[in-house]
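A quick write-up on the structure given underneath.
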Amino acid sequence: MATAFLRAPASRPLVQVEHVSHRYGRGDGGAPVLDDVSLTLHEDEVVGLLGRSGSGKSTLLRSIAGLIRPDEGRVHFADVSGGPAHTISMVFQTFALFPWLTVLQNVELGLEAQRVPADERRTRALAAIDLIGLDGFENAYPKELSGGMRQRVGLARAIVVNPSLLLMDEPFSALDVLTAETLRTDLLDLWAEGRMPIKSILIVTHNIEEAVLMCDRILVFSSNPGRVAAEIKVDLPQPRDRLDPAFRKLVDDIYAQMTARAPAEPVRDGLFPGTGIQMVLPRVSTNALAGLIEEVDASPFDGRAAMADLADQLQLEVDDLFPMAETLQLLRFAELQGADILLTPAARRYAQADVDARKALFAQALLAHVPLAQHIRRILDERSGHVAPARRFRDELEDHMSEDYADETLRTVTHWGRYAEVFAYDEDADRFSLDDAV
């Protein structure tokens with residue numbers, strides 16, 4: 001084990017984010033993405049921004065990188081006395097390589113932009129390529145490389161310019177599980193051994209285990225708008241063992257924190273805000289819900305499962321697992337208790353039922369607990385022809401939420417209602433009816 005694994009983060013601040021807020025759209029009517037976010041990054045630490053999609057993590061990363069300007073607040077870099085100014089590099093989720101350039105040419109791009117002489121460019125680029133394990137592929141084109149190798153090229157391109165701060169925006173999410181694990185481990189080794197010219201790493205992720213595995217500190221973001229909901233210090237020594245009880249406990253604690261209901265706040269766009277038809281529904285399929293019920297109902301869970309164990313077994317991240325679990329809770333098919341999901345008696349009956357009985361149970365839950373489904377069915381029941389244009393409901397939703405959320409919510413309730421045979425939908429005519437409903 002490299003002794004660098006044992007080093008403690010230094011106390012010197014590198015970057016300070018002060019009261020940053022950001023909106024998408026113009027004026028006060030824009031959708032809030034970040035709200036009064038403040039944080040400090042120190043030298044010699046890896047910090048993770050953890051949260052669901054839409055919590056503003058990537059927006060904050062781009063604000064720090066200078067790619068966008070926040071509407072309020074500022075990003076301040078520590079003063080450097082007698083040395084070069086701090087620099088930033090960024091590794092993206094998608095590989096962002098130029099397909100017509102070789103590996104060497106892609107890595108040299110940043111140096112070329114800095115007007116580094118050609119001989120020095122080549123020497124530094126070859127050293128970076130060797131460092132990240134692609135020696136021998138200098139003249140290959142991106143199409144010749146696997147996904148993991150292409151992401152290594154992106155990493156080499158980022159570190160070759162000797163940045164003070166490395167920003168990583170979900171850098172492993174586009175890779176298969178084994179490739180991501182290998183690249184993660186290699187990156188940690190390079191960092192721990194001090195072989196990268198980087199003072200701090202800030203990584204955006206929605207993978208809880210990844211955050212605990214890599215980071216010295218984790219900032220948990222709430223959504224709609226994004227705020228720092230919690231700051232968690234990870235004191236576990238590197239390299240970390242996923243099976244270590246302390247590791248598992250920290251993962252479970254974060255799951256519990258992210259699924260806990262927050263104190264009442266003003267209604268905003270997001271997962272299940274508001275009441276009545278103001279609920280924003282996520283795009284969760286009935287097949288996914290049925291599969292999750294079956295998984296938790298079966299052995300070894302027998303009706304109760306730790307979210308972390310489910311995520312491991314099903315290879316799901318929080319953006320996949322949380323909406324499904326919370327939808328089951330909305331339908332009263334499950335309860336979220338801390339870091340666990342507990343099936344209700346109705347869900348356990350559903351798991352053992354045949355197709356028709358499942359539809360009946362789902363229809364009962366849908367009409368009892370999803371106000372928009374109740375509203376559509378009531379309108380159809382009241383009309384003599386039992387027909388209503390979808391535009392009517394879409395317009396109603398847009399009185400309470402953005403056009404995108406309204407469209408997503410109506411698509412979701414349409415899918416759920418058709419599965420349960422609560423109402424029918426004709427896509428060509430864009431209208432609801434009771435033609436095929438029970």
Side-chain angles (χ1 to χ4, degrees), residues 1-9 41-42 44-53 55 57-58 61 91 93 132-133 147-148 151-152 154-155 158-159 165-196 198 200-221 230-259 306-322 339:
M1 182 190 302
T3 56
F5 274 83
L6 303 177
R7 70 186 179 190
L41 302 178
H42 298 89
D44 297 318
E45 69 171 351
V46 180
V47 176
L49 305 181
L50 176 65
R52 308 188 198 190
S53 292
S55 60
K57 308 182 303 296
S58 295
L61 208 69
V91 177
Q93 176 180 351
I132 51 83
Q151 193 63 305
R152 287 178 186 272
L155 179 59
I159 65 177
L165 174 63
L166 179 63
L167 304 176
M168 308 187 80
D169 192 0
E170 300 187 28
F172 312 112
S173 61
L175 305 176
D176 64 82
V177 174
L178 294 179
T179 301
E181 186 70 12
T182 299
L183 190 51
R184 243 184 247 117
T185 301
D186 289 350
L187 176 63
L188 285 172
D189 286 346
L190 293 173
W191 167 255
E193 294 164 6
R195 297 172 63 192
M196 295 189 297
I198 296 167
S200 183
I201 298 176
L202 181 63
I203 181 171
V204 163
T205 181
H206 52 246
N207 184 317
I208 294 175
E209 285 202 2
E210 179 176 273
V212 175
L213 192 71
M214 297 187 67
C215 299
D216 301 302
R217 278 192 298 141
I218 300 170
L219 302 176
V220 179
F221 272 60
E231 179 175 337
I232 299 166
K233 186 173 178 58
V234 185
D235 289 322
L236 305 176
Q238 291 280 14
R240 292 171 185 159
D241 180 2
R242 295 174 186 270
L243 300 181
D244 180 359
F247 186 102
R248 302 312 308 172
K249 182 179 186 305
L250 184 54
V251 168
D252 286 342
D253 288 347
I254 295 173
Y255 269 101
Q257 191 159 37
M258 291 183 70
T259 56
M307 300 277 276
D309 293 341
L310 273 178
D312 285 345
Q313 184 152 323
L314 301 176
Q315 293 298 306
L316 295 173
E317 295 188 353
V318 295
D319 280 346
D320 303 311
L321 180 57
F322 282 8

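All values below were derived from every heavy atom in this structure, side-chain atoms included, with hydrogens, water molecules and symmetry-related copies excluded. One-based numbering along the sequence shown.
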Minimum heavy-atom separation for [X] to [Y], with atom names?
X: Val204; Y: Ser58; value: CG1-OG, 4.2 Å
X: Ala256; Y: Ala339; value: CB-N, 3.6 Å
X: Leu236; Y: Ala246; value: CD2-CB, 3.7 Å
X: Val212; Y: Phe247; value: CG1-CE1, 3.5 Å
X: Gln238; Y: Leu213; value: NE2-O, 3.0 Å

Qualifying residues under salt bridge (Lys or Arg N to Asp or Glu O under 4.0 Å), relative to Arg242, sequence neighbours excluded: Glu181, Glu209
Mind checking salt bridge (Lys or Arg N to Asp or Glu O under 4.0 Å) for Asp186 and listing every partner two or more places apart, or none if nothing turns up? Arg152
Compute whether any side-chain donor of one residue and acceptor of the other, for Glu45 and Ser200, lie under 3.5 angstrom apart. no
With sequence neighbours left out, write down each residue that passes side chain to side chain donor-acceptor pair (under 3.5 Å) with [X], or none if nothing qualifies.
X: Arg240; value: none
X: Gln313; value: Glu295
X: Asp309; value: none
X: Glu170; value: His206

Would you give the length of the straight line joining atom [atom1] of [X] to atom [atom2] of [Y], rounded to the nearest 0.5 angstrom?
X: Leu190; Y: Ile159; atom1: CG; atom2: CD1; answer: 7.0 Å
X: Leu167; Y: Ile203; atom1: CG; atom2: CD1; answer: 10.5 Å
X: Leu219; Y: Leu50; atom1: CG; atom2: CG; answer: 9.5 Å
X: Ile201; Y: Leu165; atom1: CD1; atom2: CG; answer: 9.0 Å
X: Leu166; Y: Ile198; atom1: CG; atom2: CD1; answer: 4.5 Å
X: Met307; Y: Leu321; atom1: CE; atom2: CG; answer: 4.0 Å

Before giving the answer on side-chain contact (heavy atoms from CB on, under 4.5 Å), spell out for Asn207 and Val318 the whole-Å C-alpha distance, their side-chain angles and the decisive distance to 0.1 Å. CA-CA 6 Å; Asn207 184 317; Val318 295; over 6 Å; no
Give the C-alpha distance, both sets of side-chain angles, the deciding distance and a yes or no for salt bridge (Lys or Arg N to Asp or Glu O under 4.0 Å) between Asp253 and Lys249. CA-CA 6 Å; Asp253 288 347; Lys249 182 179 186 305; 3.0 Å; yes
Start with the C-alpha gap between Asp312 and Arg248, add the side-chain angles, then the distance that decides, and say whether salt bridge (Lys or Arg N to Asp or Glu O under 4.0 Å) holds. CA-CA 12 Å; Asp312 285 345; Arg248 302 312 308 172; 3.2 Å; yes
Test side-chain contact (heavy atoms from CB on, under 4.5 Å) on Leu316 and Leu310 and set out the steps. CA-CA 8 Å; Leu316 295 173; Leu310 273 178; over 6 Å; no
With a 4.5 Å cut-off on side-chain heavy atoms, are Ile232 and Ile254 touching? yes
Close side-chain approach of Gln315 and Asp320, heavy atoms under 4.5 Å: no
Any donor and acceptor pair, going by atom type alone, linking the side chain of [X] with main-chain N or O of [Y] inside 3.5 Å?
X: Asp216; Y: Val46; result: yes
X: Lys57; Y: Val220; result: no
X: Gln151; Y: Pro171; result: yes

Met258/Ile208 under side-chain contact (heavy atoms from CB on, under 4.5 Å): CA gap, chis, key distance, verdict: CA-CA 10 Å; Met258 291 183 70; Ile208 294 175; 3.8 Å; yes
Please report the C-alpha distance between Leu188 and Met214 in whole Å, then the side-chain angles of each, then the deciding distance to 0.1 Å, and finally whether the side-chain contact (heavy atoms from CB on, under 4.5 Å) criterion is met. CA-CA 7 Å; Leu188 285 172; Met214 297 187 67; 4.2 Å; yes
Given the ring of Phe172, does Arg184 sit roughly above its face, with NZ or CZ under 6.0 Å from the centre of the six-membered ring and within 45° of the axis? yes
